[in-house]
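On a predicted model such as this, the values are computed, not experimentally measured, just so you know. We name chains A, B, ... by the order of the sequence lines, and we start the count at 1 in each one.
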Number of protein chains: 2
Amino acid sequence: MIFLKDNVLLERDLRLEDVKPRLLGHWGTCPGIILIWSHLNLLIRESSVDMLFVVGPGHGAPAALACLWLEGSLERFYPDKYPANKEGLHNLITKFSVPGGFPSHINPETPGCIHEGGELGYALSVSFGAVMDNPDLIVACVVGDGEAETGPTAAAWHSIKYLDPAESGAVIPILHVNGFKISERTIFGCMDNKELVLLFSGYGYQVCIVENLESIDAELYSALFWALGEIKRIQNGAREGNPITKPRWPMIILRSPKGWTGPRTVDNQIIEGSFHAHQVPVAKANKDEEHLRILQEWLKSYEVQELLANGKPSQDLLDILPEDTKRLGQLKTAYDCYRGLDLPDWNPHAVKKFEQASSMQQSGKFLDSVAKKNMHTFRIFSPDELESNKLSAVLDHSGRNFQWDQYSRAQGGRVIEILSEHCCQGFLQGYTLTGRTAIFPSYESFLGIIHTMMIQYAKFSKIGRKLSWRGDLSSINYIETSTWARQEHNGFSHQNPSFIGAVLNLKADTARVYLPPDANCFLSTVHHCLKSKNYVNLMIGSKQPTPVYLSAEDAMEHCKKGISIWKFASTYSGEDPDVILVGIGVEVTFEVIKAAELLAKLAPELRVRVINVTDLLVLPDESHHPHALKPKDFEEIFTLDKPVCFNYHSYATELQGLLFGRPALHRMTVEGYKEEGSTTTPFDMMLVNGVSRFHVASRALKASASQNDAVQDQLSALLSKVDEDMAKVQDYIKENGKDPEDIYKLDFMGAKA
Amino acid sequence: MIFLKDNVLLERDLRLEDVKPRLLGHWGTCPGIILIWSHLNLLIRESSVDMLFVVGPGHGAPAALACLWLEGSLERFYPDKYPANKEGLHNLITKFSVPGGFPSHINPETPGCIHEGGELGYALSVSFGAVMDNPDLIVACVVGDGEAETGPTAAAWHSIKYLDPAESGAVIPILHVNGFKISERTIFGCMDNKELVLLFSGYGYQVCIVENLESIDAELYSALFWALGEIKRIQNGAREGNPITKPRWPMIILRSPKGWTGPRTVDNQIIEGSFHAHQVPVAKANKDEEHLRILQEWLKSYEVQELLANGKPSQDLLDILPEDTKRLGQLKTAYDCYRGLDLPDWNPHAVKKFEQASSMQQSGKFLDSVAKKNMHTFRIFSPDELESNKLSAVLDHSGRNFQWDQYSRAQGGRVIEILSEHCCQGFLQGYTLTGRTAIFPSYESFLGIIHTMMIQYAKFSKIGRKLSWRGDLSSINYIETSTWARQEHNGFSHQNPSFIGAVLNLKADTARVYLPPDANCFLSTVHHCLKSKNYVNLMIGSKQPTPVYLSAEDAMEHCKKGISIWKFASTYSGEDPDVILVGIGVEVTFEVIKAAELLAKLAPELRVRVINVTDLLVLPDESHHPHALKPKDFEEIFTLDKPVCFNYHSYATELQGLLFGRPALHRMTVEGYKEEGSTTTPFDMMLVNGVSRFHVASRALKASASQNDAVQDQLSALLSKVDEDMAKVQDYIKENGKDPEDIYKLDFMGAKA
């Protein structure tokens, strides 16, 4: 696949023109993957288990594709392009890694795949996520010794401690040690067997090492059957009511040379068993006769003409395959098993208008009701922040699923709390990709830890949705709380709203960002997100009690539109405004409302319109997002020429970028979090980041002076008044170490004007 | 510190009004940190080692601050505020975690600290970075059992394998197992001693467990001296030419109850030894008399009036301290030891104008010369991508520093390649924070893995720079290559330019983003960055040979300005333009130049100005960045009204956000990477993302029609011509699986017009 563009069965001697002009692909990891793949199909055949194969070394695509073609799975999903005959084989090989063919990394176009084969480190946690609540599923997961150096993999070995053998399936981890990364030896390749056995025994595994190249088939066969036996033993115990404490799950370490069976040397350089085997071992096969000769000799060594006579796999090869639907490329769990949620109504948890409520506490109650109705299809993954994020009502009818020692054998718990965002995200992905629904609540500042994983997932989802044979999936759902705007116990290190930007960079048909302004809107949003499909949903809210502005019904309406003029907070009901104030995010919206109150007192003639945006993606230009406001609607809300002051939860430039293309940007100002703050009072955080009511009011006065004569006339006096008020509050905080109590009182003065 | 706002020495019975109105802070981890701190000072006193203490559980600030006050380090750096007397103690306690006092997490204001105590997972790798090339330094590093669950920590245990005992110092890792996170048991707390010893022996350590609470002082004392002895044994061997293969470095596991010595129970809830001890154990001490009583009893148990009579630490306490400058808070290595680089000239590696060169190959040669001149103050950390990124010339006079088995005992190598971006970043931070300079080259797509670490570092740097007693530091330097624009072996999963956005969110006095258009500009930029201080420098370039547009001298000038009109690529020398084309990034700039060529042929009357931006931060509004163009300069380059077509390397919204505030945005269009692509040809990547010459030319024609009558008259014919040309290339790629050869030829047609 890396080399040939013709003569794929070597029916005549290779010529330079049989070789592709650009030699792209990764050879080194392939032999190991093919070896494992073949044995797994045999295992399935002999034991009838339901099995998926997650391949960590994703650039081993040629191995996966070869096996998939051999087992007929490519024909199943691509009958025209890759049938199990000479033409299909020709296409597979010649189109590999060229435009229109399979790419050089495993991706959703690869049947059986539930893991984007790009960024390394996540194969193991994704595998564990897939088997949760799938009691009959076994995922074999190969982890390369390069990938094994990553932190996310190093943490994910602990995942067995979160696996209930009664309710969930199992993973057979296979650490493939071939000794080399791209150009350097690997850590695990330099560890001897004693070290490896110690390490993985410490993690809690029973280790079986497969390394004798002479008898590798027998060894691997035995190892896999042993692993399956151990899994059954652990599962049977748990399922029969006699769970084993600290069950020692099996794992396999496979040692084989990098690029095994490839050329020994090329140009006097060792290839097989060295890092030179990583990508293209015979680099000049398209222009150097000697290289071409080496290539031919190498390829001939596989006896393709016997094994694939006339492009048909020989009976020997077919004999080890399980029945169609059980082959590694064809288990429905990998591609079409969306189960959806039976979603309860959120209205019982709605809060009365103008009361105070924590969005998180109310959502916790709702999520508890979701968990109760969906005991095997819904999970919450959290990095030990559930209590802190005030979502603990989800534990009312469920528990934490931690399985290790005798004190922690919680059963059936819907919540997993491991202090590894990477594991949480990997579990979430595996769980979602196999048809279920999950939610990942996090401190706002630390969700960025898995920003690139989320992007990898979104890439998988984007390609997957284009394939007719892949079914829908639940969205992946994030809740961010404990935001920079309410720091309490924490400080500067806990301030980082950048995950919003990461989601905004995704394709428009995937990215969804919500900043519901109150508990009712948050409930409506969570409900909507859990029901939605194929998105990346990010919801941001407060865990502290904050005012509820909208009734349940109005909240639903507001969330549906994504943006509304809030007449109750505006002066003159927001009609014919001199200036428009926009809040996006809980605390900054509160400041906008307070700014409107302040302005109503200071300059009662000023016509102030207050807007809240709950769905961030109504703002960009129509061509950029399906939720975007049509020009007419944008004009109705923002006018075409009045000054607009945005008070935004995240970084200003982010919102500025979104607004680009909207009319008359010069009338708009945007303020947001600007990397200021420490452990301080909530209101001080508004002050130091320039998003307080005083800042908004000042901006509004300056901007609207040209619109309103009264303001124009006394502008400097008004501004001084605002500054004075602000200084008073600043002094109070400095003296008392807390915010003035009345700062959180809401008069809705605006509405009265 | 968490509780009192008065009566800090308990000179009378506590009253409710002695207690702070908001009780903020984390108690649970503190007793362990104080215990270790005290023993470390004793160890230093008795052995005269140079030692730093890196505290993973950063929310243990009260423990660190208490020790620092006791040892006089707070007085040293804050003589007015925190003297070692009653007043200083009063300030320390009453101001803790309130505005103006120390925050509740360890941060740069904490003397002796080299690690932001926020996001968990990085203490260990930072510690190892600090001891590299510091042969006499020992860093004691406490890792909490919460932090130990993170991936980055799990990977960092392997760091000993990259530590040369001859040239570097050592780390004493202390895993502090107290059993609980915020609200859940920890993984390590549930592992028994056998499991822990197996695990860490597997990593390569000798393990000593300290757990007997009755004799904890004796045990910890012995353990630390044992660890020091083992370190000396390993170091002496290596330094005397008899290095030990696979030296088993010492580590300590300390088991002690969470919140040890705190209240046993409050309101019938267990506190000591449970997760309830995590933050504020007596939550209502400011309003409940019973809670107040518990608090008083608890605080009295420490005999403060004897140990701190009249606010002076007793002689017993002072007797265990080492000399001033060796105390944990005062070793200069932690706060003021910038050593800078002896930087060679980059001109010997410059390339002749209009030749082709790889920015990375040339930079590799320059970095080699830097390494040669700075054998103990410069390092390169890379996740096994040095060869692939074509920077391997740095290995010409150096090697990879990998230390484990007998085949890998490279000595003095300036390069560390571990396939863990988290470790690379941690090493980089520790190395830089102790006065040296490092660079982290990476695939563009995977640098985002450490995006939040970089932000934590920038937060540390921001606060640190405000402190007069902290000296300058080198910048942290990133090179991104193997960008989305040249995918070669990889595909969609390897496309992610989002790290630019992460840097742009930093404070303006820190953020620096460069996209040098050719090898000479890249050399000039690397040179500049290595010389700079206190920034986060991000440099993005190509590893493939690309045209060199500027002589060394011109490159220097261009980089100094950050932006220039490229007359040679413009028509009419770029004067009085009808339309302005802007390239930001290597490949997209090439497309801009080719678009200008195309336009010169199609519409020779059209006056096209070509601009390159190499310093991204010249673009935002003047008030937003020190590099920003002044309005007059902006106008000179961009005019006030001519259409401007930006062709940008990263996401369009990012650049749009930066441009906000510049005049007449409606005339500007921005295109950039838009999450499209697979394993395909380089030019196809330009096509599918809409940034090819054809796209630029079309945009330019449409935008300039109103400026130029000739274009206006034949607009649709011109656009069809461009579309035809594009279709031809698309067809060629589809048919041949490669780009047409002439697509990379540069005629500088524009210059001829």
Is there a side-chain contact (heavy atoms from CB on, under 4.5 Å) between B/T653 and A/N505? Walk through the geometry before answering. CA-CA 8 Å; B/T653 44; A/N505 285 339; 4.2 Å; yes
Could you tell me whether the side chain of [Y] reaches within less than 4.5 Å of the side chain of [X], counting heavy atoms only?
| X | Y | result |
| --- | --- | --- |
| B/T452 | A/F446 | no |
| B/F660 | A/L665 | yes |
| B/E119 | A/I449 | yes |
| B/L199 | A/L198 | no |

Given 3.5 Å as the limit, does a donor-acceptor pair link the side chain of B/D384 with the main chain of A/S183, or not? yes
Short side-chain to backbone donor-acceptor contact, A/Q456 and B/S493, under 3.5 Å: yes
So that I know where these two stand, are B/H422 and A/H422 an aromatic pair - ring centroids less than 6.0 Å apart? yes
Would you say the ring centers of A/F188 and B/H158 fall short of 6.0 Å from each other? yes
Gap separating the [atom1] atom of [X] from the [atom2] atom of [Y], nearest 0.5 angstrom:
| X | Y | atom1 | atom2 | answer |
| --- | --- | --- | --- | --- |
| B/S382 | A/E184 | OG | CD | 9.5 Å |
| B/F492 | A/N107 | CZ | CG | 9.5 Å |
| A/S388 | B/Q279 | OG | CD | 6.0 Å |

Is chain A contacted by the side chain of [X], its backbone, both, or neither, given a heavy-atom distance below 4.5 Å?
| X | result |
| --- | --- |
| B/F200 | neither |
| B/T186 | backbone |
| B/P152 | both |
| B/I455 | side chain |
| B/F499 | neither |
| B/Y443 | side chain |
| B/Y651 | side chain |
| B/E116 | side chain |

Could you report the tightest heavy-atom contact between B/G657 and A/Q656, atom names first, then the distance? O-OE1, 2.9 Å
Shortest non-hydrogen separation from A/G151 to B/S420 and the atoms involved: N-OG, 4.3 Å
Choice from [options] maximising heavy atom contacts with chain B below 4.5 Å:
| options | value |
| --- | --- |
| A/E385, A/E654, A/K674, A/M453 | A/K674 |
| A/L655, A/D684, A/N496 | A/N496 |
| A/K194, A/H666, A/H105, A/H624 | A/H105 |
| A/G501, A/P620, A/A664, A/G25 | A/G25 |

I need the single residue from A/T679, A/N490, A/T680 that forms a side-chain contact (heavy atoms from CB on, under 4.5 Å) with B/S97. Which is it? A/T679
Using heavy-atom distances under 4.5 Å, tell me whether [X] contacts chain B through its side chain, its backbone, both, or neither.
| X | result |
| --- | --- |
| A/E421 | neither |
| A/Y162 | side chain |
| A/S201 | both |
| A/L23 | backbone |
| A/L120 | side chain |
| A/N736 | backbone |

Salt bridge or not between [X] and [Y]? Use side-chain N to carboxylate O under 4.0 Å.
| X | Y | result |
| --- | --- | --- |
| B/K181 | A/E417 | no |
| A/K459 | B/E675 | yes |
| A/K462 | B/E676 | yes |
| B/K246 | A/E195 | yes |

Is a side-chain donor-acceptor pair under 3.5 Å present for B/T681 with A/R22? no
Taking atom types as modelled and ignoring hydrogens, do the side chains of B/S498 and A/H451 form a donor-acceptor contact shorter than 3.5 angstrom? yes
In sequence, state the C-alpha distance, the side-chain angles, and the governing distance for B/I187 and A/W404, and then conclude on side-chain contact (heavy atoms from CB on, under 4.5 Å). CA-CA 8 Å; B/I187 291 177; A/W404 204 233; over 6 Å; no
When [options] are compared by non-hydrogen pairs under 4.5 Å with chain A, the top option:
| options | value |
| --- | --- |
| B/T150, B/L386, B/I182, B/L506 | B/I182 |
| B/V280, B/V670, B/D192 | B/D192 |
| B/G146, B/G100, B/A61 | B/G146 |

Stepwise side-chain contact (heavy atoms from CB on, under 4.5 Å) check, A/K161 with B/M191: CA-CA 10 Å; A/K161 290 161 186 154; B/M191 288 167 71; 3.7 Å; yes
